[in-house]
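In what follows, a single structure is set out as structure tokens and then discussed.
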Amino acid sequence: MVEDLLTSSPGLVNFGIFFLLATVLLLVVLGFVTYGILAERKVMGFMQLRHGPNQVGGRWGLLQTVADVLKLLLKEDIIPKVADRPLFILAPVIAFAPSFMVLAAIPFTDKLQFADIGVGLLYYIAISGITTLGMVTGGWASNNKYALLGGARAAAQMISYEIPLVMSVLGIILLTGSLNLNDIVYAQQNGWYILLQPIAFIVFMIASVAELNRTPFDLPEGESELVAGYHVEYSGFRWAFFMLAEYVYLFAMAALTTVLFLGGWLPPLSVLDFIPGAVWFSLKFSVIVFILIWFRVTFPRFRADKLMEFGWKVLLPVALANVFLTALIKELFKLF
Amino acid sequence: MNTGVPASAYLALALILFCIGLYGALTKRNTVIVLISIELMLNAVNINLVTFSKFGLTPSIDGQIFTLFAMAVAAAEASVGLAILISLYRNRKTVNIDEMDIMKN
Amino acid sequence: MNLSYILTIMVFSPLLGILALAFIPKTNEKLIKLTGFLGTIPALLISLGAYAHYLAGKNLDDFSVRAEWIHFGGYKQMGEKFYSIYYELGIDGFSLLLVVLTAVVASLAAIASSMVKKEWKGYFMLFLLLQVGMLGVFTAQNLVLFFLFFELTLIPMFFLIGKWGYFEKEKAAYSFLIYNGLGSAVLLIVIMVLLTRTGTSNIALLEQLLTNPDAQLLRPISGDAKMGLLIALLVAFGIKLPIFPLHSWMLRVHVQAPPAIVMIHSGILLKIGAFGLIRFGMGIFPEQFKQLAFFIAVLGVVNLLYGAFLAFTQKDFKMVLAYSSISHMGIVLIGLAALNEAGIQGAIFQVISHGLISALLFFLVGVFYERLDTSLISNLGGLAKGMPVAAGLLLAGGMASLGLPGMSGFVSEFMAFLGLFKEMPVLAAIGCIGIIMTAAYLLRAILGITYGVPHREFTGVMDLKGTEYVPALTLLFLIVLIGVYPSVLSSPLHSALKSIMLGLGG
Amino acid sequence: MELLNLYQNNYLIVFVFLCLGILLPVVALFLGKLLRPYKPVEAKYTTYESGIEPFHDSRVQFNVRYYIFALMFVIFDVETVFLYPWAVAYEKLGIFALIEMAIFVLMLVLGLVYAWKKKVLRWI
Amino acid sequence: MELNDLLAYNWGVMMPEFIILGTIALLVLLDLFLSKEFDRKLFGWIAIAALISAGISVLGMLDTPVTSILDDTYRLDSFAKAFKMILLAGSVFVMLLAMNYNPKDGFSEYRGEFFYLFLAALLGGMIMSSSGDLITLFVGLELLSIPSYILAGMRRNSLSSNESAMKYVINGGISTAITLFGLSYVYGLAGSTNLLTIAKTLSTNVDSQHTYLLGIAFFMIFVGISFKLAAAPFHMWAPDVYQGAPTPVTAFLSVVSKAAGFIILVRIMFTIFLLTASDGPGSMPLLLKLQDYIAFLAAATMIIGNVIALRQRNIKRLFAYSSIAHAGYILVAFTSLNYLTFDAIWFYLVAYLFMNMGAFAVIQLMSETTGSEEIKDFAGFYKKAPVLAAAFGILLLSLAGFPGTAGFIGKVNIFMSAFLDKDNPHYVLASIMIATTVVSYVYYFGILTQMFFRPAAESKSIKIPAGIIATVGIAVAASILFGIMPNIALDFLHSNFGGFVDFLE
């Protein structure tokens, strides 16, 4: 049915159907974010030998995040007098929309994928860059010193780590010969890229944490120095959308990591392929999310100067070296 | 592959973009806007090249390669332009072109 | 005996002087002046030698030299012809006379240059460079080479006027530069057109090619085009000569330049214009020249009258002489326009005679100015008492200039008018008014100076001294010589005239 | 034709996602407007500055380092523009492309070393 | 593509480029790792050595037949060789100037950067001169331009240097975009970026609509390139940039960069438009049809350059306008489009190289000693340094085009080519050229007036560095030598490059 839909001529009907499907995905993602936050808090509590949320929604605090969201919804909307009003309103939208757009290209299983774009990887990288713009806009529009500093830091950090991120996946592209995410998954039938490209994986993981603005790279909002960074002046739902964008990115990045390095929906051994791809995908996905949360609890925040130097002086050369190592090895294999 | 949109539409788009860019580059006072206008003109060129590479009289991949180079060069030019602008701003505290007049006789 | 290198040596011999000057310390005034003078001597000796060679009845073609110099577009595979330009020098009777005139006047001017008060070294270097240019102009057998030497005179003149001149020297230098630059620009266009159309720039060859209707040109030149080229030449040389509306620069130069340079300028450089008109205008475009003859005659008469009338009203003796030069150049034009042997011969005579006379007069003015710091007629009144010799020479020069029989001026004016009367009697009659005017203004000025009301006491003013006699007496001698025995000029001119007349079809 | 439709539909989906991405904040904020209180007080609208009265405009001049990092980013991001097609087509291009790209990257690494040595990469 | 294909290329023909590229890399590293106190003048010698060896390798390839490598994107033909030599020779002079450039506000901290940035720009010019493809041509052009922008703004703390660089970047960016837009149409109509393929395709062009588009493309390309030439209509940047940039950079812009501009002009115009049929196969080529418009621009360039130059008080500004005027003269040769065109352009560029470089050496020395660039500060220069003043005088005369100097022969050559056209000799254009030349006398002699006629404010003699002496000496010697015996250069041209017949092979 989906096949027919996709091959039919595009029109309003298609638009409607796609819209419904995308809304479903949106709800799923919102659900993920709701319980992702909860999970994060629970895991953090577990690791710090405390309970975490346990009041709202039973022992597990299952409705804690829901309550938080509702509270945000009821907060008074304040836009500072000196702020640049249009930009201030626009900034959360600019930050959020791309985070959702990138999901369109990610293949969750061989069936469950929205848009199969030929240059899916490039699409992801290109669209995700726009979010930075939202953050800088927010920081600028707030007309607050902390916000401005946070925005500027966000920009500097994200562009610095974008480079190693982009470079690290080059090894995978070299091996696959395609930018299509499906092709990349299929190319991992004989071995996940985490095994073939361990260096790339490490670089990618580090860079992605930085891109997500998560601890230990959460300098743009580092509450102890910048109060809350670029969104210091935001409140209520406007603020919520920055947060939402962050967590949707967590979702997307974890999914992308799964696709790129962990073989997506493919089972680790071909004998295990009686278990559906969706299960494999969510398993791997959960592991990545868990690792990211784990990072947050384990590492202290980086110093700003160390952060930038690490990105440019360590990650970038390593990523470049990895690319050429891969190319060289590939060439050597071809020769012999 | 025919997408139904005629090639001339792309060319017209490119031409319009180019003219907007040219207008901006020639009339704006703020140097940053001028630099952006120049980027606009270069992007118009890229649209042209890609269009021709797909719908030209004799389509070929050359146009897309050309686009890549044009992009790279545009980036380099923009970086240099910005670097010079920063250094100018540090000395002069202005980014307006019509205030750059210390050499008028 | 191979004499072909002689002209080259002559033309470039002043360079030796420049080289020698370069090694003399700036402060050694005497030695510099001596070296400067000696630098002009080889050219003088060689030119006199050439004259003697001619008098001995030998062929002047012995001196011709020709070597390939530049060729443009040497693409053999393209099958196009070379545009070769040769280094070719040579003289005939006409240019021989002018070369001798140049050498003589230059040497005398070098003596007169002892009046220069500062920076002798630079002065004499430029002076000698100027001489190279002048000698080159008269010996070049090739339009490009001619142009090269022609422009070579501009640069030293600019500096000599601008640095060593009087109060408004820079303005004078600039107007000299711009007018002559324009003239040479027009000339260059003519030369380039001829070169690209015919493939040669050799003057003799051009004469042949353009006067012969059957000649094979690379690209034909129509009659109208020839007329255009001739008019361009008329403008180019008209500026130099100068012809009436293009003359204002020359007044400034005559007034502002140092005396020795005015001697050269008025004596020789103006003559390049006449030389060019005769050589190229008449030689290369005889048909068109004939068509323009009346127009040229009118221009000549206008020049003659205009110069004469304005000379009459001048207070400054230099200005009188400057306008008189314009007036006298009118006679050259009149002679040329006559298009007969007498007229042309008169024009050429006038060229040489005026060269000598004006050199003499300007030399004397220079002397006055040096002693008395003025050249106003009213301030110089009664000079005969203070400087009897100089005043006498002035009177003699003036007489020569107004055409007193027995002096060179008479011969030339007489012949020029004789020529014109045959062809255009009305114009000639009008022109005669100019002759009368000449006598009037010259007498007014010279008598005013020599016997006029004394403005001041001329006590303690030195008359001519030592070396200053040399230029004055030499020039006077030559003036009288030509006046008494014109065939020193006419016999070398004979063959040249004949070929010109042949070109004119008569 | 099918291929074309597939292609167009894929981008239609991207467009749908864009619409949703914009729509969600709009709708949510609109709903919030119906629910949330509105009690303006002058003090609420002042900018936060550690509790003290904010003084002069906060849009101060950025440190030049930010721009330099931006320039570095542009350079290396453009490098990837060349590296991506190269990587995709590497199979077909072979060793020639490897060497060529090695030279290219070497030049850029030289740039990186240059920046490093010129202390551009040091923050503050 | 395999290793064998790679080795099959005759890489030797790229030797000069490789030498320059290697030197750039070497100098960058040296500059980075040597201590600050180390005198960077040594770099100049390294660069000169590289330039000379590149020059020798070009000379060594004079007999090499047309070679094209890398899928015809790089070609070594006579044109490439002839013009590369101009670029290399000009660069040696720039190096000499830069090594001796010591302005009052200091240059030594930038000197290291200067050398390799400059070499990078030169590399761009060299690539342009032997490119066989629009892409390489464009990349070469930008490789030339971008370092030039930086060079112009090299003195970071000097406001005028900053301003000049900014204006240069903006104008350069606009012109690049315009050129590229034109090129994109050419590509669209020809379907290839290879110059020879384009020429072949377009020569059979039939559609008049396409001719119309090509005409637009032609003008856009021409307008864009006129920026590099500093010719009308894109000359406005020149005065400000020339004035603000450090003097060696100004010298580079006025000679090497301009020469490179003519290289790209000839490459593009002659290959693309000379064979392009304007109205069906076999009809009049487009370039000939549009000749009058080029002539108009050439005339405008000459008039603007020479007339506005009259009003200048700053010597570098004056030379900016003078260089605009010279671009106009060379455009006259370009307009004439016959077999002398290459000759005339090449020779004029050679002559211009020497005379202008020598002049800039003197200007540099003067502005260093007086700390000012006003023309009136040349007053009494003759007293301070008589020989140098005389040499400068000769160079100015050569620039003005007086006979006996290379400038004159250059102009004569241009006249020849302007008059050679059988059907349509450019009399008007040549007349404008010569009239504006006369106008140029005024300002060139204005400098001479200051030097020789006016008294100096103070007359202590100037210490002249050896590099300046060498530059001026060579420049004067060459200006006179090529003025008196131009056939040294012309014969070299004719016998080694054979009329550039291989330009389109």
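Computed over heavy atoms, backbone and side chain alike; hydrogens, waters and symmetry mates excluded. Just so we're on the same page: letters track the sequence lines, and every chain starts at 1.
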### Verdict with reasoning, F415(E) to T196(C), per side chain to side chain contact (heavy atoms under 4.5 Å, CB included)
CA-CA 9 Å; F415(E) 283 133; T196(C) 46; over 6 Å; no
### Query
When rounded to the nearest 0.5 angstrom, what distance separates CD1 in I85(C) from CD1 in I409(E)?
7.0 Å
### Contact leader toward chain E among F149(C), F147(C), F150(C), where contacts are heavy-atom pairs under 4.5 Å
F147(C)
### Query
Going through the distances and angles, do L188(C) and F408(E) end up as a side chain to side chain contact (heavy atoms under 4.5 Å, CB included)?
CA-CA 11 Å; L188(C) 183 60; F408(E) 173 68; 4.3 Å; yes
### Query
Would you say the side-chain atoms of W69(C) pair up with the backbone N or O of P486(E), donor to acceptor, closer than 3.5 Å?
no
### Task
Might you point out which heavy atoms bring N487(E) and I70(C) nearest each other, and give the distance in Å?
OD1-CA, 2.8 Å
### Task
Below 4.5 Å from any heavy atom of chain C, which atoms of S431(E) appear? Answer side chain, backbone, both or neither.
both
### Task
Taking atom NZ of K117(C) as the centre, report whether more than 12 heavy atoms of other residues, nucleotides or ligands fall under 6.0 Å from it.
yes
### Message
If you count heavy-atom pairs within less than 4.5 Å of chain E, which of L195(C), L154(C), L182(C) leads?
### Response
L182(C)
### Task
State the OG1-CG distance between T449(E) and L177(C), to the nearest 0.5 angstrom.
9.0 Å
### Query
Hey, does F452(E) have a side-chain heavy atom less than 4.5 Å from the side chain of E119(C)?
no
### Query
Are any non-hydrogen side-chain atoms of M192(C) and K411(E) less than 4.5 angstrom apart?
no
### Query
Do the side chains of V412(E) and V144(C) get nearer than 4.5 Å, heavy atoms only?
no
### Message
Quick check: do F419(E) and I189(C) have side-chain heavy atoms less than 4.5 Å from each other?
### Response
yes
### Under 4.5 Å from any heavy atom of chain E - which part of I191(C)
neither
### Message
Counting C-beta onward and ignoring hydrogens, is there a side-chain heavy-atom pair between I484(E) and Y87(C) closer than 4.5 Å?
### Response
no
### Summary
So, the part of E151(C) with a heavy atom under 4.5 Å from chain E: the answer is both
## Note on the structure
Under 4.5 Å to a heavy atom of chain C? For F347(E) that would be neither
### Nearest non-hydrogen partners of F402(E) and I155(C), listed with the distance
CD2-CD1, 3.5 Å
### Query
What part of V439(E) lies closer than 4.5 angstrom to a heavy atom of chain C: side chain, backbone, both or neither?
neither
### Query
Could you give the distance from CD1 (I434(E)) to CG (L187(C)), rounded to the nearest 0.5 Å?
9.0 Å
### Query
Side chain of Y427(E), backbone of V193(C): donor and acceptor closer than 3.5 Å?
no
